[in-house]
S.K.: 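Pasting a structure here, questions to come.
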Number of protein chains: 2
Amino acid sequence: MAKELKDLTKRADNYSQWYSDLVTKADLAEAAPVRGCMIIKPYGYAIWEKMQAQLDKMFKATGVQNAYFPLLIPKGFFAKEAEHVAGFAKESAVVTHYRLKSAADGKGIVVDPEAKLEEELIIRPTSETMIWNTYKNWIHSYRDLPILCNQWCNVMRWEMRTRPFLRTSEFLWQEGHTAHATSEEAQAEARKMLKVYAEFAEQWMGVPVVQGVKSESERFAGALDTYTIEAMMQDGKALQSGTSHFLGQNFAKSFDVTFLNKENKPEYVWATSWGVSTRLMGALIMVHSDDNGLVLPPRLAPIQVVIVPISKNAEQLAAITAKLQPVIDRLRELGISVKYDDSDNKRPGFKFADYELKGVPVRLVMGGRDLEDNTIEVMRRDTLEKENVSFDGIVERVEALLDDIQQNIFEKARRYRDSHIYECDDYEEFKERVKGGGFFLCHWDGTAETEAKIKEDTQATIRCVPFGVEQTPGTDMVSGKPAKHRVIIARSY
Amino acid sequence: MAKELKDLTKRADNYSQWYSDLVTKADLAEAAPVRGCMIIKPYGYAIWEKMQAQLDKMFKATGVQNAYFPLLIPKGFFAKEAEHVAGFAKESAVVTHYRLKSAADGKGIVVDPEAKLEEELIIRPTSETMIWNTYKNWIHSYRDLPILCNQWCNVMRWEMRTRPFLRTSEFLWQEGHTAHATSEEAQAEARKMLKVYAEFAEQWMGVPVVQGVKSESERFAGALDTYTIEAMMQDGKALQSGTSHFLGQNFAKSFDVTFLNKENKPEYVWATSWGVSTRLMGALIMVHSDDNGLVLPPRLAPIQVVIVPISKNAEQLAAITAKLQPVIDRLRELGISVKYDDSDNKRPGFKFADYELKGVPVRLVMGGRDLEDNTIEVMRRDTLEKENVSFDGIVERVEALLDDIQQNIFEKARRYRDSHIYECDDYEEFKERVKGGGFFLCHWDGTAETEAKIKEDTQATIRCVPFGVEQTPGTDMVSGKPAKHRVIIARSY
């Protein structure tokens, strides 16, 4: 067994440590020498690239175009939208100087005090301010609307407690920013993008999500409504995996962005913004993986099939390779990414453990006996089931198996999630049970006071008012006041 | 004629102004409210995305993998490589604080003096230092080599004089960083990536380039050799369009990166780095475009074919659209990006001028007469030639035309370039002629003194010792000293 695998903490022992171990040992990411930042290693980045490619395609299918806006935002921009500044300006990296010089003692370099900026620049924590300052010049008439822009970029929030992918000071994301002539159109856009996120999470990541709307206190700073997709991790905690915001006319008013409507009257523009980030990597890892390592959905796996020959000598290896080559070629023609690992510097057992650790969905093994018998061993990573099957028809079998794994890991995650959603009407019971994880459907009176009390008592927060749940009025379990609907309450990452 | 087009400065009047006008009017980019930064607009970004996609494919075909390293680099890292610090640390954006707070007077926000970083962080101007600090942990034995990593990211250099795409404080680029066991292998890698850049420039951008090696004074800070591709703009000036560096063991020594060779002895690792940036957009625009606007190579054009119907009424429009639809569908099936512009809020003349301005390679127009005659008008953007042709076989004609345009603009640029490369052996003649632009092939004695004098006298610099030019020894035109070979000297962007 590979050393890396042996050292992997078991989920049952320490779920949090298991996650950190896995990120490192599966070569996904490592800590950077800058506080709270990470280095995304090639294997981790290859997964992110697959995510990006698919999301980008889905965005473009809705008419969105990509653009690029500056990394640095003048400090004054933040002060223009009152809630936004409160939410974002505080923990941000600030550029104050634009030059270094040699130290007076000749040792090393120091900041040149003469190169001080007149106005400090903030590394973008999000780009609403820069983008709405720009849209002011792009929008004059209703004919200029809608504008549907997205950018893929890095952003920075000076987080105090960080964890790889889940919360890092710098992270990669996409931020969509749209401008509309009407409130209805903007609201529809925000909900449309939430659906895109949900579809991506479920069909590509194999991660079931609850769609819903945030409570006021959990809204994006400056939004009128924040929609969210919430996923459940294997410890029953929630992970907010993507958000889409209806911003109303807040940013248009702050940056004075108006358009002439069809009646030639000026109106403020309506806005949305929406984003997902490398945080999705965290969801992907935490939802499917096991004590043997990563479990990746075939649709996002950098290597979908690994083929390992086991031979006694070079002659036998050549015979096995010759037999396998048409299968490798055919799979690649079908767009399936195949790794043929005939390296002779690692033992098969090491290879097996390593590819399990890396979450390769399907493993094929052919030895001398298989060659004689016209058979091949097929292993599926999700269940670790192995079988020896006929070599004939192996291509079709692999194709079907990849689809099956994609479906199976989603269903498995959904079963887990659904069996950990509880209706709860008693606060004492809630306080006890929430410690064990899960999503709690509870009536809420809609007040910030109740919300704050739950958080203080239990560290759990209102994740959202879920969509698609049949709602009946009831009684708030904390305050005893009337409640219009149930919300999902959970501890979260 | 569209207003935008009417205002476009003519190249002959002011080439530099023509370029700036074109970048703005063709909706490629605009100035940002941060000094020296730009906003890349959707149309410009769509071209950059096509460039990225192709380059990325070519990199990966050589075995390169993508990764992501942090934006911020501790100041001390720069001081580790002596030449590198001299070249890069000076004009860089410096992060000194990580928090803002409300101003004491309640108006706006100010930097919180208590949130001062212990060590300042530099926004990466390039990532050799961060990456070699990381490679230290990745490399132990010859078995870990080579490492072939690339990242697509933003970088920042606090430039004093900026121009959109050509030189901006923040720009987008890719930076490849490879690690090798031998000097030979690293040198071969640096040259291989230069060839990739040259192939991309010529076959995709349609921009002919001279490949060569830089003089010592023009080398990348910290490199033993810098290879370059140099393109010629329509004013005869050079644009350095991509560079690839053989870094020797400089960074390995600075960051103490060693490996155990096959004899189990420690050795320093050999390095390369190589990059192209959004500067390529500048080359693309400046090489092909004309007084009517952009001319884009079909392989990188966001819209390859625009089709404009001209109709007297809705009924006729429907008939034209019905006739065109199978052509539109077939072109799209072939992977050709088609825009069918039947919008009724702009006159045809406006549309024509606008698509010319945007450089759409092929325009098809069908009117009522065409419908009757089974004909269609075809216009190619590169030569502005129009002809009325039979509607039958139009798909094949468009396909062939796109190939022909791709080839034609390259050949045109090559003819221009080749007719503006001069051998010159007399310094007085050189000083006079270099004002008019062009690449001058001159003998150079190899000294920094001569190089500096040429620059001082003429603003022209040694672009490179070109590859693939038959060289004979001669006499330096400035110093009269013996010279081993001719170099290319030119004014440059």
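Below, chains carry the letters A, B, ... as their sequence lines are ordered, and counting in each starts from 1. None of the values given here were measured: they were computed from a predicted structure.
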S.K.: Quick check: do A/Ile39 and B/Trp138 have side-chain heavy atoms less than 4.5 Å from each other?
M.R.: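 Contact flag for A/Ile39/B/Trp138 side chains = yes.
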S.K.: Please rank B/Arg143, B/Lys80, B/Glu120 by heavy-atom pairs under 4.5 Å with chain A and give me the top one.
M.R.: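 Between B/Arg143, B/Lys80, B/Glu120, the count favours B/Glu120.
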S.K.: Is there any residue in residues 65-75 of chain A with a non-hydrogen atom under 4.5 Å from a non-hydrogen atom of chain B, and which ones are they?
M.R.: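 Residues of residues 65-75 of chain A touching chain B at under 4.5 Å: A/Gln65, A/Asn66, A/Ala67, A/Tyr68, A/Phe69, A/Pro70, A/Leu71, A/Leu72, A/Pro74, A/Lys75.
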S.K.: Rounded to the nearest 0.5 Å, how far does OG1 of B/Thr134 lie from NZ of A/Lys41?
M.R.: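 Between atom NZ of A/Lys41 and atom OG1 of B/Thr134 there are 9.5 Å.
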S.K.: Using heavy-atom distances under 4.5 Å, tell me whether A/Asp56 contacts chain B through its side chain, its backbone, both, or neither.
M.R.: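 Just the side chain, heavy atoms under 4.5 Å.
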S.K.: Sort by residue number and list every residue of residues 45-53 of chain A having at least one heavy atom under 4.5 Å from chain B.
M.R.: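 Contacts with chain B: A/Tyr45, A/Glu49.
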S.K.: Where on A/Arg35 is there a heavy atom nearer than 4.5 Å to chain B: the side chain, the backbone, both, or neither?
M.R.: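 Neither; nothing under 4.5 Å.
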S.K.: Chain A: which of B/Ala93, B/Cys37, B/Gly76 shares the most heavy-atom pairs with it under 4.5 Å?
M.R.: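 Top count of heavy-atom pairs under 4.5 Å with chain A: B/Ala93.
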S.K.: At a heavy-atom separation under 4.5 Å, does A/Lys60 approach chain B through its side chain, its backbone, both, or neither?
M.R.: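 The answer is the side chain of A/Lys60.
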S.K.: With chain B, which of A/Ala29, A/Pro33, A/Gly108 has the greatest number of heavy-atom pairs at distances under 4.5 Å?
M.R.: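 The residue among A/Ala29, A/Pro33, A/Gly108 with the greatest pair count is A/Pro33.
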S.K.: Working to the nearest 0.5 Å, report the span between CG of A/Asn137 and CD of B/Glu30.
M.R.: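 Rounded to the nearest 0.5 Å, the CG-CD separation comes out at 6.0 Å.
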S.K.: Under 4.5 Å heavy-atom distance to chain B, tell me which part of A/Tyr43 shows up: side chain, backbone, both or neither.
M.R.: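 Neither part.
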S.K.: A/Asp112 versus chain B, heavy atoms under 4.5 Å apart: side chain, backbone, both or neither?
M.R.: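 The answer is neither part of A/Asp112.
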S.K.: Take a 6.0 Å sphere around CD of B/Glu114 and say whether it holds more than 12 heavy atoms from other residues, nucleotides or ligands.
M.R.: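 No, the 6.0 Å shell around CD holds no more than 12 heavy atoms from other groups.
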S.K.: Within residues 146-156 of chain B, which residues come under 4.5 Å of chain A, heavy atom to heavy atom?
M.R.: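 Residues in range: B/Cys149, B/Asn154, B/Met156.
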S.K.: Would you say the side chain of A/Tyr98 lies within less than 4.5 Å of the side chain of B/Val94, judging by non-hydrogen atoms?
M.R.: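 Counting from C-beta outward, B/Val94 and A/Tyr98 never come under 4.5 Å.
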S.K.: Rounded to the nearest 0.5 Å, what's the gap from CD1 on B/Ile109 to CD1 on A/Ile122? Could you check?
M.R.: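 Nearest 0.5 Å value for the CD1-CD1 distance: 6.0 Å.
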S.K.: Which members of residues 126-133 of chain A, sorted by number, sit under 4.5 angstrom from chain B on a heavy-atom basis?
M.R.: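 The residues closer than 4.5 Å to chain B, in numerical order, are A/Met130, A/Asn133.
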